[in-house]
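Report on one structure; see the data block that follows.
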2 protein chains.
Amino acid sequence: MADTSTRTVERALLLLGAVCDRGRVSLAEAARDAELSASTALRLLRTLEATGFVRKDDAGYRPGMRVVQLGAQALSHESLVSLAEDALERLVGKTGESTYLNVPSHDGHGIYLAVKEGTHSVRHTSWVGRSIPLDGSAAGQVLAGRTPGAGYVIVRNGIEPDVTAIAAPVMTGDRVTAALSVVVPSYRISESQAKTIGMLVAAEAAGILNPAPMSTGDTA
Amino acid sequence: MADTSTRTVERALLLLGAVCDRGRVSLAEAARDAELSASTALRLLRTLEATGFVRKDDAGYRPGMRVVQLGAQALSHESLVSLAEDALERLVGKTGESTYLNVPSHDGHGIYLAVKEGTHSVRHTSWVGRSIPLDGSAAGQVLAGRTPGAGYVIVRNGIEPDVTAIAAPVMTGDRVTAALSVVVPSYRISESQAKTIGMLVAAEAAGILNPAPMSTGDTA
DNA sequence: AATTAGCGTTTCAATAAGTGAAATACAGAT
DNA sequence: ATCTGTATTTCACTTATTGAAACGCTAATT
């Protein structure tokens, strides 16, 4: 078990994660986050800096261009979107309603990263990349980490009148990466139907980054 | 200065870059790309895998969720979009036309990641996140790496009739990260005007990830 | 069928490389 | 003037990384 890991690299990546999580950290904070001595953290952060994965300014360390670049590449290529599309497809199949994948964008907004339109002739419509305010939307609450114990959020007639949005978090570890949501014309859905869909969405959302158990194990 | 780096980490990040660059690599390819011995590459890739930065399937290694996650975070926070917005602003200022930042999306499409509308009352209009086919569009050619020596691409009446698109690549090293484009109603622009704008766009695009020398230095 | 070529993987001894406590310097708060 | 927290450097210790070599495997090649 121990020989599969490379401690130095693990630590560096941990540090990178800490920097990206917080957006901006001081050396001491990062070191505490990653449980490293200041000197080690400093050395590793410098390596990350030299490779463009973090940038340093007066206030501390911040995510670097390389992260953005690789992230954009990966995000584009497939990954999240393609993984989510399966889930979106299934949700449309089961509900007939329009389904969306949202990620946080800048400044209190999120964007629709993937869209799968519903099959009802009266349905909610949006487009990939549309920006929505996080405040007051179901997806927004989810992305803000304010998902109640049930695992999903229902917002009736929030930002958009006449529609009910049901969203659940796509998690990576304990971070919310994206929100999966179903948006339904309010007149068509009862409270209990909404809850049923909520559980559906939550289940699909949970499966996106934690793929269902497969036979291919990491037996090593 | 050289001792500020941590070789193991550098190598791991190099490997990560190789994986993300190609989208999917075999161990041997990655090892060659990073100029590492197979055994070292394997060990490092396993660490990256264990931390979620790469995933492994039958076909090889691919970018992992962590990359997507951190990338999305960083990308949202600011970085590419906010950096590009300066350039977009300047282009609108100089041309009066709508300007866009495009990144490759999945399956032969790209999306508008940032938009700055022109000031003319008759102007091209689109929205953030709109998906466009890469094939036949100026941005598409740029994103596909098919930018001619001039450094920009002009497409007249391509996907959308009546409009002329002028795009240039946003590079990171030798990779195309995004495309910066200006879209103009064709009737308003001559061939030579298009070329002038082309050079403008190319210059702005070049500056986005290779910021121009500024007075605000990182004096360290 | 036998052979070659390439890949993924494991092993292991050599040593290169990372480690962290301690010391230094600095800045702000008490 | 003292204290607390930070960023940084140094250095002896030794752990953890390294890469050649060997292995088993699959897919072309002869």
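Every chain is numbered from 1, with letters handed out A, B, ... down the list of sequences.
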Is any side-chain N or O of [X] closer than 4.0 Å to OP1 or OP2 of [N]?
X: B:R32; N: C:dC7; answer: yes
X: B:R43; N: D:dT18; answer: yes
X: B:R7; N: D:dA16; answer: no
X: B:R11; N: C:dA16; answer: no

d([atom1], [X]; [atom2], [N]) in whole Å:
X: B:L44; N: C:dT9; atom1: CG; atom2: C1'; value: 15 Å
X: B:L42; N: C:dC12; atom1: CG; atom2: P; value: 16 Å
X: A:E49; N: D:dA7; atom1: CD; atom2: P; value: 13 Å
X: B:E10; N: D:dT18; atom1: CD; atom2: P; value: 11 Å
X: B:L36; N: C:dT9; atom1: CG; atom2: P; value: 16 Å
X: B:R46; N: C:dT11; atom1: CZ; atom2: P; value: 10 Å
X: A:E35; N: C:dG20; atom1: CD; atom2: P; value: 12 Å

Item checked: Contact nearer the 5' end of DNA chain D, comparing A:E29 with B:T8 ->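 It is A:E29 whose nearest nucleotide is closer to the 5' end.
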Notebook entry, point to check: Of A:S26 and A:V9, whose nearest nucleotide on DNA chain D comes first from the 5' end?
Noted result: A:S26
Rounded to the nearest 0.5 Å, what's the gap from [atom1] on [X] to [atom2] on [Y]? Could you check?
X: B:R43; Y: B:L15; atom1: CZ; atom2: CG; result: 11.0 Å
X: A:E117; Y: A:T99; atom1: CD; atom2: OG1; result: 9.5 Å
X: B:R46; Y: B:L27; atom1: CZ; atom2: CG; result: 9.0 Å

Check: Which of these, A:N102, A:V142, A:L200, A:L101, sits in a side-chain contact (heavy atoms from CB on, under 4.5 Å) with A:L180?
Finding: A:L101
From the options [options], select the nucleotide whose nearest atom is closest to the side chain of [X].
X: A:Y61; options: D:dT8, C:dT10, C:dG18; result: D:dT8
X: A:T40; options: C:dG20, C:dC7, D:dG19; result: C:dG20
X: A:A28; options: D:dT6, D:dT15, C:dT10; result: D:dT6
X: A:L27; options: D:dA7, C:dT9, C:dT19; result: D:dA7
X: B:T6; options: C:dT19, D:dG19, C:dG18; result: C:dG18

Checklist line | Ion pair B:E85/B:K116, N-O distance below 4.0 Å | finding: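 Salt bridge between B:E85 and B:K116, a charged N being under 4.0 Å from a carboxylate O: no.
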Check: If you measure from the Lys or Arg side-chain nitrogens to the Asp or Glu carboxylate oxygens, is any gap between A:E97 and A:R123 under 4.0 Å?
Finding: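 A:R123 and A:E97: not salt-bridged.
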Next item on the list: Indicate, with a heavy-atom threshold strictly under 4.0 Å, whether A:S37 touches base, sugar-phosphate, or nothing.
Entry: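 Counting heavy atoms under 4.0 Å across all strands, the contact made by A:S37 includes a base.
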Next item on the list: Show your reasoning for whether salt bridge (Lys or Arg N to Asp or Glu O under 4.0 Å) applies to B:E204 and B:R90.
Entry: CA-CA 8 Å; B:E204 285 292 351; B:R90 281 191 295 270; 2.8 Å; yes
Notebook entry, point to check: Which angle, to the nearest 10 degrees, lies between the helix axes at the two ends of the helix from C:dA1-D:dT30 to C:dT30-D:dA1, each defined by five pairs?
Noted result: 30°
Margin query: Between A:R22 and A:D33, does the side chain to side chain contact (heavy atoms under 4.5 Å, CB included) criterion hold? Intermediate values first, please.
Written below: CA-CA 10 Å; A:R22 305 231 184 176; A:D33 264 29; 2.6 Å; yes
